[in-house]
Each structure stands twice: as C-alpha cells, then as structure tokens.
Amino acid sequence: MSWNKLLCNLRELQLSGTLNGGQSFRWEYNKEMDEWTGVFSKTVWKLRQREEFLQYKVIGSLLQSIVQKKNDVEFDNNGVFEGLLKKYFRLDFNLSDYYTKWSEKDDLFKAACKQFYGIRMLAQEPVENLFSFICSQNNHISRISSMVEKLCKHYGEEICEQDGVTYYSFPDVEKLSTPKVESELRQLGFGYRAKFIQKSAAQILEWEGEKWFAGLQDMKYKEARLELMKLCGIGPKVADCICLMSLNHLEALPVDTHVYQIAAQNYLPHLRGKKNVTEKMYSEIGDHFRSLYGDYAGWAHTVLFCADLKKFQQTTDSEDIKPKKRRKKT
DNA sequence: AGCCTACCTGGGTC
DNA sequence: AGACCCAGGTAGG
C-alpha cells in the first residue's frame, strides 16, 4: 500500500513533539522505518513527515465507509481519512503566524521555539482525552501510556492486526461504566484511578454522553471547566487538559508541576519553593500566561511544556547538560 | 475559602 | 539491597 500525501510543510508540523509530547498517549515511533503508528477515530494510522508533505496510510478502520470495500481503502475513502487527519492536526491553523506572535511577546518562548517548531495542538476525541487524563494524575507518561493501552485492549474493539500487533479502538463510555470495571481496573494496576474511571463513565452516561460533550464545546471555557469538575477524579488541571485538547477551548491552560516550575522560575518569583499549587496560585499562573500569549495561550503553553519534558532535552555527549537538578528540601 | 494529607503503582536515585 | 522520592493531581478532611 502506498503513502497518501497531504500538503504540509515540515516547519508546520513536528510529529515527535506533537504526538509524543503528552497530549495523546497512543502514538509510537518506529525509528528504523521513521514512521509513527497510532489510533484515533477507530482507525489505525501510519504517518511520516517529509519536507513538503505529511504522508499517511490507513492500516485498518472500523468506520462505516470502510467496511464495504476493504481493499480499496486509499481510493474510495481518501477524502474521509484526509479530512479526519486535517481536523486532528488542525491543519487549517496557521502556526507560523502564531509562533511569530508568541515569540515577540516572550523570550522564553522565543528560545524554545527554535527546537520545538511545529508543535500542534491536536483536536482529540473527548472520550479518549477525558479518561486518559484521569489516568494521568500523579503519574508518569510511560505508565499513563500503558494504562491507556490496557483500557483499549480490555474494553475497546479490535480494529486490525499487523506485524503481530493487535490494535484496538478506545472504548465507548458505556463499556467503562459497568460496576465491575472498578475491580477489574484495580486488578490491572490502575490503583485509585479505577474508581474515578468507572464513576465518571457512569455519570457521563447518565448525562447522555454525546449530548453532554457537545454541550461542553458550546459553553464558554470557564463554564465547561466547572461542568467537567463535577466528575469524580477530575480536578482543575485535568479539566483544563480536556477543555484545551478536545473541547476547542484554546485559552485553557493546564497548570501542572512542569508549568508551575516554569512560571516560578521565569515569571512569578514569589511563587518559588511552594509545596503544592493552590487554587489561587493555579489561576494566577494561568492568567499570567493568558495575558502574555492571548486567546490561544493553551497552545503556546504546550510548546513550553514540550520543551520542558525530559525526553526532549538535548542528550548530547557532554555530561553537564543534565535536564534539571533535583531539588533538595533543606 | 484555603491548607493538609493519603493515595495505587512503578521507575529512578542515592 | 532497600528506603526513599517523584510522577502532567484529586478527594476528603
């Protein structure tokens, strides 16, 4: 099967930072092949970026249109898949213009954006986004990824198999809502998040799932945030992640340990050395970045977040560029 | 309202 | 080797 092409300059989309920067937990990079494999919209994708094009293949899909003609995927469904991909990466958003704007406003951004060009805010699916980020609390990215895969494997639908790997869709809310889910997830190593997942799923189902999510997109950001926080296991930070990543509220700005550190070190020195981020500090930090970057502050913040992640820090041969010194409590 | 702590688990560090 | 600490926080006090 040959690659399909989508016009998109290299500088406009950096796959590694975008797919592996803590937005989605379902993408994997194959170094040998220089390609990314991942799942969204009940479809398994392979992606690679070239100078002028984003190239993609659909490995398998449960979408209606594909079921009829499995062998003619590329031809018949090209439009559908291309549309999905454009939407997922928000390719209609002119990133260069915003990078320029954000750079002018902020030296830290200016420094970060050289290496972290083309970091895009994905337009994810709300259900996957919500449950993935319930898993994210007080947790490492590597473990979050394995938990999300477990959710898919145990509660999602099989999409296809390739090279000995079976790919699953992210489960529907209904599958996660039955009472036994909590104990099953405990068994699978989800810890205290097991209860949050099952309870939230049951609650969302009661609020009529799709309708509820659609309503959240139509609300104002702050309103949607409060509504999300009614769910058990969703606090200020996860609510902001969901607003930003799947509800199209780009001014939402999740304040986690990374962002707190960045803010305290660079902008708000009076917040240094605090044990934990209080509600008050949280909004102060968010408002600071919003006043700095404007309407799409959450997007700009994602670029900074990316630059702060350990795995993207330069690992040159020199020893002295260790990412961050461990802070001792003295 | 604002501050404190327990919480599952696994990987990293000393 | 074994006790730390920490990780994209949150609920409940």
Side-chain angles (χ1 to χ4, degrees), chain A residues 17-27 116 119 121-122 124 128-151 181-200 203 225-226 228-246 252-265 271 273-286 289 297-313 315 319 322-330:
Chain A
T18 302
L19 297 178
N20 214 3
Q23 296 187 55
S24 167
F25 302 97
R26 298 210 68 191
W27 290 95
F116 297 93
I119 304 298
M121 210 57 235
L122 298 173
Q124 299 191 64
E128 174 177 333
N129 189 213
L130 188 149
F131 290 102
S132 297
F133 277 84
I134 287 181
C135 295
S136 79
Q137 61 166 279
N138 205 224
N139 213 346
H140 301 271
I141 288 184
S142 62
R143 184 164 167 235
I144 302 165
S145 305
S146 82
M147 284 168 142
V148 171
E149 279 316 305
K150 283 178 192 170
L151 286 179
V181 167
E182 181 183 345
S183 59
E184 289 171 353
L185 290 180
R186 279 254 169 202
Q187 204 65 36
L188 290 169
F190 279 64
Y192 56 81
R193 300 165 194 84
K195 182 170 79 176
F196 296 160
I197 290 171
Q198 189 275 326
K199 277 184 82 171
S200 289
Q203 183 64 260
R225 184 172 185 267
L226 284 175
L228 284 163
M229 285 170 65
K230 289 179 184 167
L231 292 174
C232 184
I234 296 187
K237 190 266 172 179
V238 170
D240 275 331
C241 286
I242 300 164
C243 282
L244 174 64
M245 298 175 183
S246 64
L253 202 146
V255 178
D256 53 41
T257 48
H258 294 263
V259 177
Y260 161 67
Q261 292 297 336
I262 295 170
Q265 287 313 309
L271 299 183
K274 306 285 184 190
K275 259 197 213 154
N276 37 21
V277 179
T278 66
E279 194 89 42
K280 198 177 157 193
M281 290 163 63
Y282 190 105
S283 51
E284 187 181 347
I285 293 168
F289 283 114
W299 192 318
H301 132 285
T302 299
V303 179
L304 288 188
F305 176 81
C306 225
D308 200 60
L309 278 183
K310 245 189 201 162
K311 65 174 154 194
F312 292 127
Q313 304 270 338
T315 46
E319 293 280 328
K322 288 260 167 66
K324 249 186 280 186
K325 285 275 193 305
R326 185 173 284 264
R327 291 182 320 289
K328 277 252 166 62
K329 278 175 204 147
T330 44

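The chains referred to below are lettered A, B, ... by the order of the sequence lines, with proteins before strands, and numbering in each begins at 1. Here the structure is a predicted model, which is why all the values come from computation and not from measurement. All values below come from the heavy atoms of this structure, side chains included, with hydrogens, waters and symmetry mates left out.
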Donor-acceptor contact present, side-chain A/Q124 to main-chain A/Q23, <3.5 Å: yes
Structure string for DNA chain B in dot-bracket form, Watson-Crick and G-U at under 3.5 Å, | interchain: ..|||||.||||||
Over all strands shown, is A/I234 touching base, sugar-phosphate only, or nothing at heavy-atom distances under 4.0 angstrom? sugar-phosphate
Counting only N and O atoms by type, is there a donor-acceptor contact under 3.5 Å from the side chain of A/H258 to the main-chain atoms of A/L309? no
Test side chain to side chain contact (heavy atoms under 4.5 Å, CB included) on A/L185 and A/Q198 and set out the steps. CA-CA 9 Å; A/L185 290 180; A/Q198 189 275 326; 5.8 Å; no
d(CG, A/D308; P, C/dA7) in whole Å: 11 Å
Students often get this wrong, so: under 4.0 angstrom with heavy atoms, is A/L185 touching a base, only sugar-phosphate, or nothing? nothing
Figure out the NZ/C1' separation between A/K274 and C/dG9, and round it to whole Å. 19 Å
With hydrogens left out and only the distance checked, is there a donor-acceptor pair under 3.5 Å joining A/R193's side chain and the base of B/dC7? no
Using the P atom as the reference point in each nucleotide, state the distance between B/dC3 and C/dG8 in Å, no decimals. 25 Å
Determine the contact category for A/R186: base if any of its heavy atoms lies under 4.0 Å from a base atom, sugar-phosphate if only primed atoms, P, OP1 or OP2 are that close, otherwise nothing. sugar-phosphate
Give the rounded distance in Å between these two atoms: NZ of A/K230 and P of C/dA11. 14 Å
With a 4.0 Å cut-off on heavy atoms, is A/G235 in touch with a base, just the backbone sugar-phosphate, or nothing at all? sugar-phosphate
Interatomic distance at P, B/dG10 relative to C/dA11, whole Å: 23 Å
Inter-nucleotide P distance (B/dA1, C/dG9), Å rounded: 24 Å
Just how far, in rounded Å, is P of B/dG12 from CZ of A/R143? 14 Å
Tell me, yes or no, whether the heavy-atom count around A/K199 atom NZ, taken from other residues, nucleotides or ligands under 6.0 Å, exceeds 12. no
Assign A/G22 to base, sugar-phosphate, or nothing according to its heavy-atom contacts below 4.0 angstrom with the strands shown. base
Value rounded to 0.5 Å, distance of CZ in A/F190 from CD1 in A/I197: 5.0 Å
Scan A/F305 against the nucleic acid and name what it touches under 4.0 Å (heavy atoms): base, sugar-phosphate only, or nothing. base
If each of A/V255 and A/L231 is mapped to the nucleotide of DNA chain C with the nearest heavy atom, which maps nearer the 5' terminus, i.e. the 5' end? A/V255
Can you check the A/K195 NZ to C/dA11 P distance for me, whole Å? 10 Å
Heavy-atom donor-acceptor pair, A/K237 side-chain to C/dG8 base, under 3.5 Å: yes
Hey, is the main chain of A/R143 close enough, under 3.5 Å, to the side chain of A/S146 for a donor-acceptor pair? yes
Separation of atom CD in A/Q187 from atom C1' in B/dC8, rounded to whole Å: 13 Å
Could you check whether the side chain of A/N138 and the base of B/dC8 have a donor-acceptor pair of N or O atoms closer than 3.5 Å, going by distance alone? yes
Check: A/F133 ring centre within less than 6.0 Å of A/F25 ring centre: yes
Between A/T302 and A/M229, who's closer to the 5' end of DNA chain C by nearest nucleotide? A/T302
For A/G298, is there any backbone N or O sitting under 3.5 Å from a side-chain donor or acceptor partner on A/T302? yes
Atom pair distance, as rounded to whole Å: CZ in A/F196 and C1' in B/dA6: 11 Å
Looking only at N and O atoms, is any donor in the side chain of A/H140 or the base of B/dG10 less than 3.5 Å from an acceptor on the other one? yes
Base, sugar-phosphate or nothing for A/V238? Non-hydrogen atoms, less than 4.0 Å. sugar-phosphate
A/Y282 atom OH is separated from B/dA1 atom P, nearest whole Å, by 18 Å
Please confirm whether the shortest side-chain N or O distance from A/T257 to OP1 or OP2 of C/dG9 is below 4.0 Å. yes
Side chain to side chain contact (heavy atoms under 4.5 Å, CB included) for A/D308 and A/F305? Distances and angles first, verdict last. CA-CA 5 Å; A/D308 200 60; A/F305 176 81; 5.6 Å; no
Does any N or O donor sit under 3.5 Å from an N or O acceptor when you compare the side chain of A/Y192 with the base of C/dG9? yes
